[in-house]
Amino acid sequence: MRMYDIIEKKRDGKNLSSEEISFFVNGYTKGDIPDYQVSALLMAIFFQDMTEAERAELTASMVESGDQIDLSAISGIKVDKHSTGGVGDTTTLILAPLVASLGVPVAKMSGRGLGHTGGTIDKLEAVPGFHVEISTDEFVDLVNENKVAVVGQTGNLTPADKKLYSLRDVTATVNSIPLIASSIMSKKIASGSDAIVLDIKTGAGAFMKELDEAKELAQAMVSIGNRVGRNTMAVISDMSQPLGNAIGNALEVKEAIETLQGDGPDDLTELCLELGSQMVVLANKAATLDEARERLSDNLNNGKALDQFKRFLESQGGDSRVADDPDILPQATYTFELPAKKSGTVSEIIADNIGTAAMMLGAGRATKESEIDLGVGIVLNKKIGDHINEGESLLTIHANTKAVDNVKEKLYESITITDRTVEAPPLTYDNITE
């Protein structure tokens, strides 16, 4: 078998066999196939696409290129959740204990984040004492005991994906549905869960800006998951404005606690109930989405979800008192209000730009070496569709410096107020189940 023939075959729009896909993935991972040949194949895939069978084979080969987590010692159906990211996306902090409160095992592998704010681990480490450096055996024991645990990702999970992504990044082949879908799904499948719920974002703050693209990606990922033996469902949700009100690590943990107390922002609560219902149904803990939603909603209001969160924090060294007193979390030294320059209705909050402003305060990483300031960030006081009076606060800036004029300027550029009536955007657009 020759790489030249594989490139030529895909260039001409023909389907690659499982043997050919495995050959190129294994060869490139081992260093036997040079960058220039794989670059040519990636470009051929970019233009010629892949069938559902090819996408599943590519994903499976990437999974097999490195470690695979064995969660078979955990009793029950393990359900994972993945979001394609956004601004103020705190759903994992809420969903993990909420779903676990119904007896669904949530064995979560998470990473640290580049971009607007930290990843799930960074946010959880805003809780004093919390740590994710636990062995696989301890991880399994904690999930069996408490139904939920979070651990850092292993270094050798899907090494083929790491190499391929680095090459895609410099060859203008990142924005390809089969390559995006196989990249994300390979990591989810290698992480060992039995079922997967996907939150595919669309809008200004999402990777997929257009709804049609988000639907295509969701269908591709659900197809891959189901083809490789993982029950998979997806929700397409809005990220034209930040989710919830808080952007920043400790601020998002505080908002997650408020949501687990039954007093969170409406949009964040609603999306967690939507995603959580799918997780519960896939785990066979409810017969219908409506039944699952009702039971999850009950646990937000009766204290069981919050109690589960406390146990989760304690089991990994965290100070569970934060669930009753969020002021224990890191806090910024200064707060500044951003007053509206005119009266009217908020018609636009550009999510990406709000996230960038939070990163300017120190809430996120520009590079892997960047230090995150856990206490800083932004809390929105108005969302799209809300009326505001001149001089009223649009948002609150939490900073550890008084020099925030550049941040204020960025924020004013990102929020539009109009004289006309504006409807809030839909929270979700579609559910993809096959």
Side-chain angles (χ1 to χ4, degrees), residues 1-68 82 84 156-191 196 198 200 202 206-230 232 234 236 432 434:
M1 193 175 295
R2 295 192 309 163
M3 189 63 183
Y4 178 95
D5 299 322
I6 295 172
I7 297 167
E8 183 181 49
K9 189 175 181 181
K10 180 47 69 178
R11 181 203 68 189
D12 294 342
K14 298 175 182 176
N15 299 340
L16 301 181
S17 69
S18 58
E19 292 79 13
E20 287 166 330
I21 291 171
S22 178
F23 173 83
F24 108 75
V25 171
N26 291 338
Y28 186 53
T29 305
K30 294 175 183 175
D32 296 337
I33 299 173
D35 282 352
Y36 60 84
Q37 285 192 309
V38 177
S39 297
L41 181 59
L42 292 175
M43 190 60 77
I45 291 171
F46 184 92
F47 284 112
Q48 296 290 4
D49 205 345
M50 298 182 99
T51 65
E52 290 188 356
E54 286 178 296
R55 294 172 181 183
E57 288 292 347
L58 175 59
T59 304
S61 292
M62 288 160 68
V63 169
E64 291 164 6
S65 71
D67 293 343
Q68 297 180 57
H82 176 80
T84 54
N156 197 40
L157 209 67
T158 62
D161 176 56
K162 294 182 178 69
K163 288 194 71 172
L164 287 170
Y165 190 88
S166 295
L167 197 57
R168 288 165 56 206
D169 203 30
V170 295
T171 57
T173 54
V174 168
N175 198 21
S176 161
I177 293 293
L179 298 178
I180 296 168
S182 59
S183 173
I184 295 171
M185 292 302 292
S186 66
K187 291 188 282 288
K188 290 290 100 183
I189 292 161
S191 296
I196 303 165
L198 303 164
I200 310 299
T202 187
F207 181 64
M208 290 299 184
K209 308 292 184 189
E210 302 299 326
L211 179 57
D212 287 347
E213 289 182 334
K215 285 185 177 180
E216 188 180 355
L217 178 61
Q219 287 164 345
M221 292 169 69
V222 169
S223 171
I224 288 171
N226 289 327
R227 276 179 171 268
V228 300
R230 304 292 196 277
T232 306
I236 299 174
I432 308 295
E434 59 183 31

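Model, not experiment: these values are computed from the prediction.
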Visitor: What heavy-atom pair brings A56 and V228 nearest, and what distance separates the two atoms?
Guide: O-CG1, 4.1 Å

Visitor: Could you pull out all residues at least two apart from K209 that satisfy salt bridge (charged side-chain N to carboxylate O under 4.0 Å, His left out)?
Guide: D352

Visitor: For K215, what residues pass the salt bridge (charged side-chain N to carboxylate O under 4.0 Å, His left out) criterion, not counting sequence neighbours?
Guide: D430

Visitor: Which side-chain N or O atoms in residues 30-41 pair as donor and acceptor under 3.5 Å with protein atoms at least two apart or in another chain?
Guide:
from, atom 1, to, atom 2, distance (Å)
D35, OD1, Y28, OH, 2.7
S39, OG, D35, O, 2.8

Visitor: Looking at L211 and T202, what are the two nearest heavy atoms and their distance?
Guide: N-OG1, 3.4 Å

Visitor: Kindly say whether T158 contributes a backbone atom to a donor-acceptor pair with the side chain of S65 at under 3.5 angstrom?
Guide: no

Visitor: So, using side-chain contact (heavy atoms from CB on, under 4.5 Å) as the criterion, who are the partners of E210 when residues are at least two apart?
Guide: E213

Visitor: Which heavy-atom pair separates T232 from N226 by the least distance, and what is that distance?
Guide: N-OD1, 3.0 Å

Visitor: Who pairs with A220 by side-chain contact (heavy atoms from CB on, under 4.5 Å), at least two apart in sequence or on another chain?
Guide: R55, I177, A181

Visitor: Could you tell me which non-hydrogen atom of M62 sits nearest to which non-hydrogen atom of S182, and how far apart they are?
Guide: CE-O, 3.8 Å

Visitor: Distance check, rounded to the nearest 0.5 Å: L198 atom CG versus M185 atom CE?
Guide: 5.5 Å

Visitor: Using a 4.5 Å cut-off on heavy atoms from C-beta on, say whether the side chain of R11 contacts that of E8.
Guide: yes

Visitor: Can you name the closest pair of heavy atoms from K10 and Q48 and give their distance?
Guide: O-CG, 3.1 Å

Visitor: Please enumerate all residues that pass side-chain hydrogen bond (donor to acceptor under 3.5 Å, both in side chains) together with D212, with sequence neighbours excluded.
Guide: none

Visitor: Which value, rounded to the nearest 0.5 Å, describes the distance between I189 atom CD1 and I224 atom CD1?
Guide: 7.0 Å

Visitor: Going by heavy atoms in the side chains, are R168 and I180 under 4.5 Å from each other?
Guide: yes

Visitor: If the condition is side-chain contact (heavy atoms from CB on, under 4.5 Å), which residues does Q68 pass it with, not counting sequence neighbours?
Guide: V63, E64

Visitor: Tabulate below the donor-acceptor pairs under 3.5 Å that side-chain atoms of residues 19-27 make, not counting sequence neighbours, or state none.
Guide:
from, atom 1, to, atom 2, distance (Å)
E19, OE1, S17, OG, 3.4
E20, OE1, K9, NZ, 3.0
E20, OE1, S17, N, 2.8
E20, OE1, S17, OG, 3.3
E20, OE2, K9, NZ, 3.3
S22, OG, N26, ND2, 3.1
N26, ND2, S22, O, 3.2

Visitor: Working to the nearest 0.5 Å, report the span between CD1 of I7 and CG of D12.
Guide: 11.5 Å

Visitor: Determine whether M208 and T84 make a side-chain contact, defined as any pair of heavy atoms from C-beta on separated by less than 4.5 Å.
Guide: no

Visitor: In the structure I gave you, are the side-chain heavy atoms of P178 and I45 within less than 4.5 Å of one another anywhere?
Guide: yes

Visitor: Would you please name every residue forming a side-chain hydrogen bond (donor to acceptor under 3.5 Å, both in side chains) with S183, sequence neighbours left out?
Guide: D161, K187

Visitor: My understanding is that only residues two or more places apart in sequence, or in another chain, count here; which of them pass side-chain contact (heavy atoms from CB on, under 4.5 Å) with A53?
Guide: T51, R227

Visitor: Which side chain to side chain donor-acceptor pair (under 3.5 Å) pairs, counting each pair once, include a residue from residues 169-181, with sequence neighbours left out?
Guide: T171-T173

Visitor: To the nearest 0.5 angstrom, please state how far the CG atom of L179 sits from the CG atom of D49.
Guide: 9.0 Å

Visitor: About how many Å separate CE of M221 and CG of L217, when rounded to the nearest 0.5 Å?
Guide: 5.5 Å

